[in-house]
2 protein chains.
Amino acid sequence: MSQPTMEDVARLAGVSRALVSLVMRDSPKVSNHSRTAVLDAADQLGYRPNLAARILASRKTSTIGLVLDDLHNPFFPDIADGVNEAAEQSDYRLLMNSAFLTPASEQRAVETFLEFRTDGVIIVGSRLAAGAIETAAESVPIVVVGRPLRSDRVDSVNNNETRGARLVVDHLVELGHGRIAHIDGGRGAGAAQRRAGFVAAMKRHGLRPDVVSGDFTEAGGVAAMRELLARRRRPTAVFAANDLTAVGALGCTEDAGLSVPDDISLVGYDNVALAATHHISMTTVDQPRNEMGRLAVATLLERLEGSRSSVARHVLAPSLRIRSTTAPPGPAARRKRAGTRNNPGR
Amino acid sequence: MSQPTMEDVARLAGVSRALVSLVMRDSPKVSNHSRTAVLDAADQLGYRPNLAARILASRKTSTIGLVLDDLHNPFFPDIADGVNEAAEQSDYRLLMNSAFLTPASEQRAVETFLEFRTDGVIIVGSRLAAGAIETAAESVPIVVVGRPLRSDRVDSVNNNETRGARLVVDHLVELGHGRIAHIDGGRGAGAAQRRAGFVAAMKRHGLRPDVVSGDFTEAGGVAAMRELLARRRRPTAVFAANDLTAVGALGCTEDAGLSVPDDISLVGYDNVALAATHHISMTTVDQPRNEMGRLAVATLLERLEGSRSSVARHVLAPSLRIRSTTAPPGPAARRKRAGTRNNPGR
DNA sequence: CGCCGGGATTAGAGCGCTCCAATTATCGAA
DNA sequence: TTCGATAATTGGAGCGCTCTAATCCCGGCG
């Protein structure tokens, strides 16, 4: 299990260690003859460069670290896809870590990357205190995705949360809803902005904003919905902070023998693939996740290549996707729509 | 951005580099006095040990690498949770990578860990050729999860695929189904065994096994189901290779105006959280994913601590979860059940 | 009062690689 | 044939840490 080193390869190939190093890095200034000799020897020994040594000597890792808040939320893998695609086209290798929904885990993940001295770090859906991110950014360029952040040192990529929330409220109000509740994302990234956007939009319409707390998970959606349904006066529409929460709320509502959207309209956020399936067909707000991932990498590379030193704050436009979980409220509306909606039958 | 080194800390604290090293590793043989001095100095400088240097000098990374085939399939995050929990209780740090469903990406991910010299690697749902895994295992202990493998050097953790498939077929046959199709997982991990299990079980019942190809993705499920529905004689039941595929098939079936389970019964595999939601309520085969993740770590640690040198092949028992997507076939059965099934209404 | 033992500390030799300056080989031109 | 230039190769000095062996320090003991 003890691995061969460059020294071993050099000896076998009958050249110097430095030459082997050049070959391993595809330097053009190596004769074909010695190149093949080295490559053969390396192959024969099963040689593989030692990353740690390489990093130590070269003082760069050619690696970017990606921290995802929650792998169970499809939003994150979607971003990861974008990040991966962009990273593949660069010379950087990707290393990931999950925050498993807790700040402590996230901190640990980031810390690992800092110790590793990755060239850059992308944090998606950070739950860290702004100060902690700021501090980390002192030692490595960081791009935060999906977490609005006003910092003049940390780059960020977001969608316009306020606007997204407004799109939802406007849509529901237009349908005739007045009692609209919001299941928020608690301390999750972007939750505060979505909540604020909801409150502002409601007030704009002269409506009373009603917020119950959630946590961006499906279970959280179930719990919050249960609470809402238990009320004397139920809301006629519910805006969940993300699709995962909305799916939980959907299941809970049906469990209670109510129908969506006949009894209650439901809106999510993110436009995760699941929401788009015929079976769920959730009205939601789309965030261009793949693009956000790619943009995060591009933003990071600008820093790494030194082509930008000022802070970058990208804010992409969200868009409403109207599907089958929203409809006008009340029995009248329900009757009016009878027979016109597709009904999966399950 | 240039980081302080141990040397800097030592100088500031007025001690030697070696002492700082001891403090950083919580050695007990350091006086309280110098410990605080060092810690203060480190803090003041914002010192963070350099992982690369540390690894190089100590010849161990205290890191285990985790490679997941597809983040979009909740099966993998579930396993990751188990792995994380177990890793947290050990002294090993976790580093992840996604294979993004392609062998090439997976190979790259594994390669990164090999160069990094992680102490061990856990590959979940590997698509690599057995030979490639075997080769990699020459330089680092590897545990493969969710991919049956006969190797006398690579440890593995699996559920009994054959048995899982049999549970499904038996259940469907018991309900009265005869025309049962299987949407397989193509080249995905474990797909071959599930397929074989399906074929064997069908034959045992004297039925003709009908297999169409899928790829463990939702899109694959949609495509395969479309093909099945287009047939002159549709199957009365479909066994999808995993839940993701089943969800795709479900949506597709409903799109076609058919009802599950009235027109077609549907079974998945994995028992992913999504399948358990009231809204989907999918009959499926449960794999103890969290436990599998933990077991993978335990298995790896045994190797690392040298308490086992023989190969370990854990095979856990799958179990059937009967929910609302399976029912007896045919119009008669349908009539019989009229009004008895819960109907979400959407 | 010198010596001993053990805890605390330190010097120094690497770990496997990159990078730079320096050396050697190669080759055409004068 | 010689020289300069260019190409190819090499030695050696680190990169920032760990680890072993050696040293230091100090109180207690004979």
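Chain identifiers are assigned alphabetically (A, B, ...) following the order of the sequence lines, protein sequences preceding nucleic acid strands; residue numbering begins at 1 within each chain. Since the structure is predicted, the reported quantities are computational estimates derived from the model, not experimental observations.
- Residues from residues 16-34 of chain B that place a heavy atom under 4.0 Å from any atom of DNA chain D, listed by number: B:Arg17, B:Ala18, B:Ser21, B:Arg25.
- Contacts of residues 38-47 of chain B with DNA chain D (heavy atom under 4.0 Å): B:Tyr47.
- Not counting sequence neighbours, B:Asp215 has no partner by the salt bridge (charged side-chain N to carboxylate O under 4.0 Å, His left out) test.
- For the 3.5 Å distance criterion, the side chains of B:Thr63 and B:Arg93 qualify, holding a donor opposite an acceptor.
- Residues meeting the ring pair (Phe, Tyr, Trp, His ring centres under 6.0 Å) test with A:Phe116, sequence neighbours left out: B:Phe116.
- When only modelled atom types and interatomic distance are considered, A:Arg54 and A:Asn50 share no side-chain donor-acceptor pair under 3.5 Å.
- Contacts classified as side-chain hydrogen bond (donor to acceptor under 3.5 Å, both in side chains) and involving residues 33-46 of chain B (residues at least two apart or in different chains) are given here: B:Ser31-B:Ser34.
- For A:Arg48, the side-chain contact (heavy atoms from CB on, under 4.5 Å) test picks out B:Glu111, B:Leu114, B:Glu115, B:Arg117, B:Ser139, with sequence neighbours left out.
- A donor-acceptor pair shorter than 3.5 Å can be found between the side chains of B:Asp81 and A:His72.
- The closest side-chain heavy-atom distance from B:Gln107 to B:Leu128 is below 4.5 Å.
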Should B:Asp155 and B:Arg303 be marked as a salt bridge (Lys or Arg N to Asp or Glu O under 4.0 Å) after you check the CA-CA gap, both sets of side-chain angles, and the distance that decides it? CA-CA 9 Å; B:Asp155 299 329; B:Arg303 277 276 193 204; 2.8 Å; yes

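- Near-neighbour residues of DNA chain C inside residues 57-65 of chain A, defined by a heavy atom below 4.0 Å, number-ordered: A:Ala57, A:Ser58.
- Taking A:Phe76 as the reference, nothing meets the ring pair (Phe, Tyr, Trp, His ring centres under 6.0 Å) condition, with sequence neighbours excluded.
- Secondary structure note: stems in DNA chain D built from 3 or more consecutive Watson-Crick or G-U wobble pairs under 3.5 Å occupy C:1-30 with D:1-30.
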Run the side-chain contact (heavy atoms from CB on, under 4.5 Å) check on A:Ile64 and A:Leu94 step by step: do they pass? CA-CA 5 Å; A:Ile64 91 177; A:Leu94 205 57; 3.3 Å; yes

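- For the residue pair B:Asp119 / B:Thr61, a side-chain donor-acceptor distance below 3.5 Å is found, with atom types taken as modelled.
- Partners of B:Glu291 according to the salt bridge (charged side-chain N to carboxylate O under 4.0 Å, His left out) rule, which considers only residues two or more places apart in sequence or in another chain, do not exist here.
- Counting only residues at least two apart or on different chains, the side-chain hydrogen bond (donor to acceptor under 3.5 Å, both in side chains) pairs with a member in residues 121-137 of chain B are B:Asp69-B:Arg127, B:Glu106-B:Ser126, B:Glu134-B:Ser151.
- Side-chain contact check for B:Thr112 and B:Arg108: no donor-acceptor pair (N or O, by modelled atom type) lies under 3.5 Å.
- Interface limits on DNA chain D: the 5'-most and 3'-most nucleotides within less than 4.0 Å of chain A heavy atoms are D:dA8 to D:dG16.
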